[in-house]
Amino acid sequence: QVQLVESGGGLVQAGDSLRLSCAASGRTFSNYAMGWFRQAPGKEREFVAAISRLASTTYYSDSVKGRFTISRDNAKNTVYLQMNSLKPEDTAVYYCAADPAIPAHTMSFTRPAYWGQGTQVTVSS
């Protein structure tokens, strides 16, 4: 029954930075592995990043590794995605996701249980 609300998307130029936020409500936030996914027009939704329940480990797709950083603040019930050196191919709707059962390292191939509505990120050249 967790609810997720993303914010922070927008239109930026290539090379710029954005920070996405995902505010969660519901029962114990720290019990949920959290992740970010994205879906570009005409493409399947793809894994971007995930973080373990206590933020001890993080995971990234090869396409964003070294540019994006996922973090969480369990006291604020919020997970973040810091996106640096943005490229036009990063353009997509970005979705926050949570799951109380699957570990963060499986999020690249296992669909989480809960999803936000998404926030649009557009990167122009």
Side-chain angles (χ1 to χ4, degrees):
Q1 295 185 1
V2 63
Q3 295 182 341
L4 306 171
V5 180
E6 303 96 335
S7 63
L11 173 63
V12 298
Q13 297 287 325
D16 285 353
S17 297
L18 279 176
R19 189 180 75 162
L20 306 183
S21 298
C22 174
S25 62
R27 302 189 70 84
T28 310
F29 176 74
S30 62
N31 286 347
Y32 291 79
M34 303 292 297
W36 288 95
F37 293 73
R38 67 187 183 186
Q39 188 167 18
K43 296 185 178 181
E44 296 294 320
R45 190 170 300 184
E46 66 175 348
F47 169 79
V48 175
I51 188 166
S52 61
R53 293 161 179 80
L54 297 179
S56 59
T57 50
T58 57
Y59 307 89
Y60 300 93
S61 68
D62 290 340
S63 62
V64 308
K65 192 173 299 181
R67 299 187 298 122
F68 292 9
T69 302
I70 187 171
S71 62
R72 67 191 297 164
D73 186 340
N74 288 346
K76 298 183 182 296
N77 287 2
T78 302
V79 63
Y80 306 95
L81 185 68
Q82 178 67 45
M83 305 184 294
N84 298 328
S85 301
L86 283 162
K87 304 174 181 179
E89 53 262 42
D90 295 319
T91 295
V93 176
Y94 283 71
Y95 297 90
C96 177
D99 199 287
I102 64 173
H105 71 267
T106 70
M107 280 196 172
S108 62
F109 56 88
T110 305
R111 181 180 174 85
Y114 303 103
W115 296 83
Q117 295 299 305
T119 185
Q120 176 71 46
V121 173
T122 303
V123 185
S124 62
S125 60

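Owing to the predicted nature of the structure, the values given are computational and were not obtained by experimental measurement. Residues: numbered from 1 along the sequence shown.
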TODO: With rounding to the nearest 0.5 Å, note down the distance linking CZ in Arg72 to OG in Ser52.
DONE: 7.0 Å
Task: Donor-acceptor contact below 3.5 Å, side chain Asp99 vs main chain Ala113 - done: yes
- [ ] Mind checking the CG-OH spacing from Asn74 to Tyr32? Nearest 0.5 Å is all I need.
- [x] 12.5 Å
TODO: Starting at CG of Leu20, measure out to CD of Gln82 and round the result to the nearest 0.5 Å.
DONE: 9.0 Å
TODO: State yes or no: do Phe37 and Tyr60 share one hydrophobic cluster built from I, L, V, M, F, W and Y residues joined by side-chain heavy-atom distances below 4.5 Å, directly or via other members?
DONE: no
Task: Nearest heavy-atom neighbours spanning Gly35 and Ile70 - done: CA-CD1, 4.4 Å
Task: Transitive ILVMFWY side-chain link Ile102 to Tyr59, under 4.5 Å - done: yes
TODO: Decide yes or no on side chain to side chain contact (heavy atoms under 4.5 Å, CB included) for Glu89 and Val123, but give the supporting numbers first.
DONE: CA-CA 8 Å; Glu89 53 262 42; Val123 185; over 6 Å; no
TODO: Give a yes or no on whether Met107 and Met83 share a hydrophobic cluster (residues Ile, Leu, Val, Met, Phe, Trp, Tyr; joining criterion: side-chain heavy atoms under 4.5 Å apart).
DONE: no
TODO: Name the orientation class of the two ring planes belonging to Trp115 and Tyr95 (parallel below 30°, tilted from 30 to 60°, perpendicular beyond 60°).
DONE: perpendicular
TODO: Would you mind checking if Asp90 and Lys87 are paired as a salt bridge, meaning a charged N to carboxylate O distance below 4.0 Å?
DONE: no
- [ ] Give a yes or no on whether the backbone of Ser85 and the side-chain of Arg67 come within a donor-acceptor separation of less than 3.5 Å.
- [x] yes
Open item on the list: Could you go through Phe68 and Ser61, starting from their C-alpha distance and side-chain angles, then the distance that decides it, and tell me whether this counts as side chain to side chain contact (heavy atoms under 4.5 Å, CB included)?
Closed with: CA-CA 10 Å; Phe68 292 9; Ser61 68; over 6 Å; no
Task: Side chains of Ser21 and Thr78, donor plus acceptor under 3.5 Å - done: no
Open item on the list: For Asn84 versus Ser17, what's the shortest heavy-atom pair and its separation?
Closed with: OD1-OG, 2.9 Å
Task: Minimum-distance pair of heavy atoms, taken over all atoms of Gln120 and Ala92 - done: NE2-O, 3.5 Å
Task: Single-linkage hydrophobic cluster, 4.5 Å side-chain cutoff, Trp36 and Tyr114 together - done: yes
- [ ] Kindly say whether Asn31 contributes a backbone atom to a donor-acceptor pair with the side chain of Arg53 at under 3.5 angstrom?
- [x] yes
Task: Reported CG-to-OG1 distance for the pair Leu81 and Thr119, which is rounded to 0.5 angstrom - done: 11.0 Å
Task: Residue pair Ala33 / Ala104: nearest heavy atoms and the distance that separates them - done: CB-N, 3.9 Å
Donor-acceptor pairs are to be reported for all side-chain atoms of residues 3-15 against protein atoms at under 3.5 Å, with residues two or more places apart or in another chain.
residue, atom, partner, partner atom, Å
Glu6, OE1, Gln117, N, 3.0
Glu6, OE1, Gly118, N, 2.9
Glu6, OE2, Cys96, N, 2.7
Glu6, OE2, Gly118, N, 3.2
Gln13, OE1, Ser124, OG, 3.3
Gln13, NE2, Ser124, OG, 3.1

Distance-only donor-acceptor hits, side chain of residues 41-49, under 3.5 Å, sequence neighbours excluded:
residue, atom, partner, partner atom, Å
Glu46, OE2, Arg38, NE, 2.7
Glu46, OE2, Arg38, NH2, 3.3

Open item on the list: What's the separation between atom CD1 in Ile51 and atom OH in Tyr80, rounded to the nearest 0.5 Å?
Closed with: 11.0 Å
- [ ] List, by chain and then residue number, the residues other than Leu54 in its hydrophobic cluster (Ile/Leu/Val/Met/Phe/Trp/Tyr, side-chain heavy atoms under 4.5 Å); write none if there are no others.
- [x] none
